[in-house]
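As a basis for the values below, the full set of heavy atoms in this structure was taken, side chains included, without hydrogen atoms, waters or symmetry mates. The first residue of the sequence shown is numbered 1, and numbering continues consecutively from there. Start at 1 and go down the list; that is how both ligands and their atoms are numbered. All of these numbers come straight from a predicted model, not from anything done at the bench.
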Amino acid sequence: MSREISLSDSSCAIILTPDPHTFSNYTAIEIKHLHIDLAVDFDRQVLSGKVELNLRRKDTHAPLILDTRSLKIEDVYLGADRAEGQWSFGEEDVILGKALTIKLRPEDDKVEIAYSTHANASGLQWLTPLQTLGGKKPYLFSVSEAIHARSWMPIQDTPASRFTYSARISVPPQLQLLALMSAKNPKKRNLKTGVYRFKMNRPIPAYLISLTVADLRFRPLGPTNGIYGEKEIVDIASWEFADTEKMISAAEQIAGPYTDLWDRFDLLIMPPSFPYGGMENPTLTYVSPSVIAQDRSLVSIIAHELAHSWSGNLVTNATWNQFFLNEGLTRYFEFLIMESIDGNRRNADMNRVLSYQRLKEHLNAVDPLDPDTRLVMDLSNRDPELSVGAIAYEKGYLFFQSLEDVLGRKAFLEFLRSYLKTFSFQSVTADKLIAHLQAKVIQGDKELESRLNLDEWLYKPGLPKAHPVIRSEEFEKVSTQLSRFIKSHDAEEIDTQGWNTLHWVAFLKSLPLHIGKPALVGLDKKFGFTQIKNAEILSPWFVLAVENSYSETYPSIKSFLLEAGRIKLIKPVYVALTHTPESLQWAREVFANAKPRYHPATQSVISAILK
Ligand code: BES
Ligand code: ZN
């Protein structure tokens, strides 16, 4: 799983790095602190300025090798005397970008790199005023996970490398925009100078560095949390996410004090083109507006991103092959938080069942021996974002659930706290987790070790036979109605009293894909799905509509695909549209219209589907 990089510089011929998704020699040279100084140019859609890196050199002969993607390097200066540095680019790799190699003198512990970004930087989205709610001002945001930080700064872009950072961001003052980062943030716009300063004094990996510049307002929710968003949405969002404070308390009961680690937990409501449901940028979680269903039914996403404050941001997967350590553990933790704030397990168990169903669906669709169904993956020479899926999230969740089932919740949570404490602000691999389990829990107990079945869970494809069985009373109610409907095809026959979004998602996803148009028309007539505003319901509904040629819904599908941008919700609809030549043709036309509004990540996922 390691890759070799041979440098033209013969002073260090070969460096082994265990992260296959970085060119950087992060074991030879550590970045201690990063300072970012950038000006935001909305007209040219570029960031330009410099980064300063403070280094700790473990190998004083090694040059500094950094990751970049479509960056323009202007100048490099070395050390306190700012001597002009020699640098060179390696060959371009479609997935990894280009290595930037900088020759260092033995005494250099500081490097300054002047550079600018390209208008199509993969980690940035530049929105025109018409793509915002306000309609008057441009909007810029970054998503650095997994390996997109390198498209907006030269850096060791590996989750194995952590550093503190500070920044100075300057925005044209006449635009009157607010700048926010994954750091200590301002609450108000600086209308005079447009200059903002930031500090993150905890060591974090590059994928957690974020920047947003837009016409934003702030509303406090509690003493240590609040909401940023365009003024048209902050109040609606404040109502939707009013339970955030409760979630923080619930999470603290499980994992320990929050503010000691990250100070604040603020939310930023993103524009609709934001490609994910949420993103756990430290101190400032990004949230897709698709989560605002106006009935608080999708708030588990906040629990998820909050959980990452520990599982992911405090203890981080050292490579993207180990992504389940971030996402699987976070899912487990997310469900616990939801259980606690709901005061019962009803919704949490529905979510657990949905998670299990996604896993089964995925495993049924691939070869039983598919190596990519192993928790610890091997993504060498492939896009690390291939790890974003049912294995890391849902099999990952089930693995941690199985540890809980075998050890008991109390003992497992004790272990979890000890794991988080021991590896605080470190990046880890599965072996570290196992070694810690051996030392703290297994302690030579062979019988316990065999029941935990760690080797099969972590390194074998598919699902171990003895896996947790997830049950949900609410889900059983859904199943009963589902059987009735499948028999009768009559929407009037089913009893859906008290159902929330989760029930509906479970119902729609469990319907036979080719149930037939009349059955769907009946459902639509009774429940008005096509007119609903809840994107989490619309997505599986439109999949059914497409699969059953319910063509009256196509205008609504078109608006949905033009307005939404969250990959998880639009991707299944596009996939369904590829199933007949006519609908594929139609999908290509819709995509041609939608593409300029989509985020670069969404563009590349959908382009691949419609190829
Ligand atoms: N960190 C992820 C989002 C992400 C993953 C961004 C990989 C870029 C690359 C975030 O925490 C996440 O998991 N979001 C989910 C939330 C859901 C599982 C509750 C999403 O966006 O759907
Ligand atoms: Zn996550």
>> Once ring-ring contact (aromatic ring centres under 6.0 Å, His included) is applied, do any residues pair with Tyr139, and if so which ones, sequence neighbours excluded?
In response: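 For Tyr139, no residue satisfies ring-ring contact (aromatic ring centres under 6.0 Å, His included) once neighbours in sequence are set aside.
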Give a yes or no on whether the backbone of [Y] and the side-chain of [X] come within a donor-acceptor separation of less than 3.5 Å.
X	Y	answer
Ser182	Ser210	yes
Asp93	Ile95	yes
Glu240	Ala293	yes
Gln322	Asn317	no

> To the nearest 10°, what's the angle at the Zn ion (ligand 2) between atoms NE2 (His304) and OE2 (Glu327)?
Replying inline: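 Nearest ten degrees: 150°.
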> List by chain and number: which residues place a heavy atom under 4.0 Å from ligand 1?
Replying inline: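 Residue list for ligand 1: Glu145, Tyr276, Gly277, Gly278, Met279, Glu280, Ile301, His304, Glu305, His308, Phe323, Glu327, Arg331, Val388, Tyr393, Arg566, Lys568.
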> Does a side-chain N-to-carboxylate-O contact under 4.0 Å join Glu473 and Arg346?
Replying inline: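 No, no charged N to carboxylate O under 4.0 Å.
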